[in-house]
Amino acid sequence: MGEKTIYTIGRQFGSGGRAIGRKLAEHLHIPYYDKELLSIAAQDSGLSESLFQNADEKPTSSLLYSLAMGNYPMATGALGFNEMPLNDQLFLIQSKTIKKIADQGSCVIIGRCADFILRDDPDVVSVFIHAPLSARVYRATHVYEIDADKAEDVCLKSDKTRANFYNYYSDMKWGMCRTYDLSLDSASLGIEGCIEMILKYTEVFKRHQSTDGEKVE
């Protein structure tokens, strides 16, 4: 394992995953990538940033394409790039951007299947942040300032969209503990507690890697 560490953070809506990722990056003095990925992917490809924004963490909307290709169409490689639906093309472009960023050094990447895209990188620590719905609704209302009567629906719909995106583009299940190195309850641990756990895991992980030589699957 090299000196760098790439932290990928999946999160339920309202769990504080973004705040945890940003504070982790600030603590370690490393780059933080969330919406910034969209700007970089747009610059890399020469396409409009609005295209990436509209497709952000959303699977292709082509029902016939999905039915024809099965549950994991991106894994088959059956179609050429230009034959794919636009969202799939954008996903591949964004994947290249994520790999480029990971090659540059330590960083924190929020969502966007980064853990799956970088699954063969031995320097990745993948984290999923979750919390009970009541805690997420509270955060959505008091931190994100979403109307109280809409907060629960926003949480559930956002999670469904993220799950559909992740499950569509990867061969793993969004939010399932065995998919990630760490699965943390932010309501129980708090923001700082989650960061402490991630740092402690990284310390043990690096020590294990230096002894064993390769990540245990």
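Owing to the predicted nature of the structure, the values given are computational and were not obtained by experimental measurement.
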Item to check | ring-ring contact (aromatic ring centres under 6.0 Å, His included) involving Tyr7 - partner list, sequence neighbours excluded | outcome: none
Item to check | With Lys96 via side-chain hydrogen bond (donor to acceptor under 3.5 Å, both in side chains) - residues at least two apart | outcome: none
Next on the checklist: The criterion is side chain to side chain contact (heavy atoms under 4.5 Å, CB included); which residues satisfy it with Asp103, sequence neighbours excluded?
Outcome noted: Lys4
Checklist outcome for this item: The side chain to side chain contact (heavy atoms under 4.5 Å, CB included) partners of Glu203 (sequence neighbours excluded) come to Lys200, Arg207
Checklist outcome for this item: Those residues at least two apart in sequence (or on a different chain) that pass side-chain hydrogen bond (donor to acceptor under 3.5 Å, both in side chains) with Glu57 are Arg11
Item to check | Hydrophobic cluster (4.5 angstrom, side-chain heavy atoms) - remaining members for Leu156 | outcome: Leu133, Val137
Checklist entry - How would you list, by chain and number, every residue that makes a ring-ring contact (aromatic ring centres under 6.0 Å, His included) with His142, sequence neighbours excluded? => result Tyr138
Checklist entry - Rest of the hydrophobic cluster containing Met176 (Ile/Leu/Val/Met/Phe/Trp/Tyr, side-chain heavy atoms under 4.5 Å)? => result none
Checklist entry - Mind checking what makes side-chain hydrogen bond (donor to acceptor under 3.5 Å, both in side chains) contact with Lys100, not counting sequence neighbours? => result Asp44
Item to check | Which residues share a side-chain hydrogen bond (donor to acceptor under 3.5 Å, both in side chains) with Ser186, sequence neighbours left out | outcome: none
Item to check | Under 3.5 Å: donor-acceptor pair, side chain of Lys150, backbone of Ile146 | outcome: no
Item to check | side chain to side chain contact (heavy atoms under 4.5 Å, CB included) against Ser183, all qualifying residues, sequence neighbours excluded | outcome: Phe128, His130, Cys177
Next on the checklist: According to side chain to side chain contact (heavy atoms under 4.5 Å, CB included), who are the partners of Leu189, at least two apart in sequence or on a separate chain?
Outcome noted: Leu184, Cys194, Met197
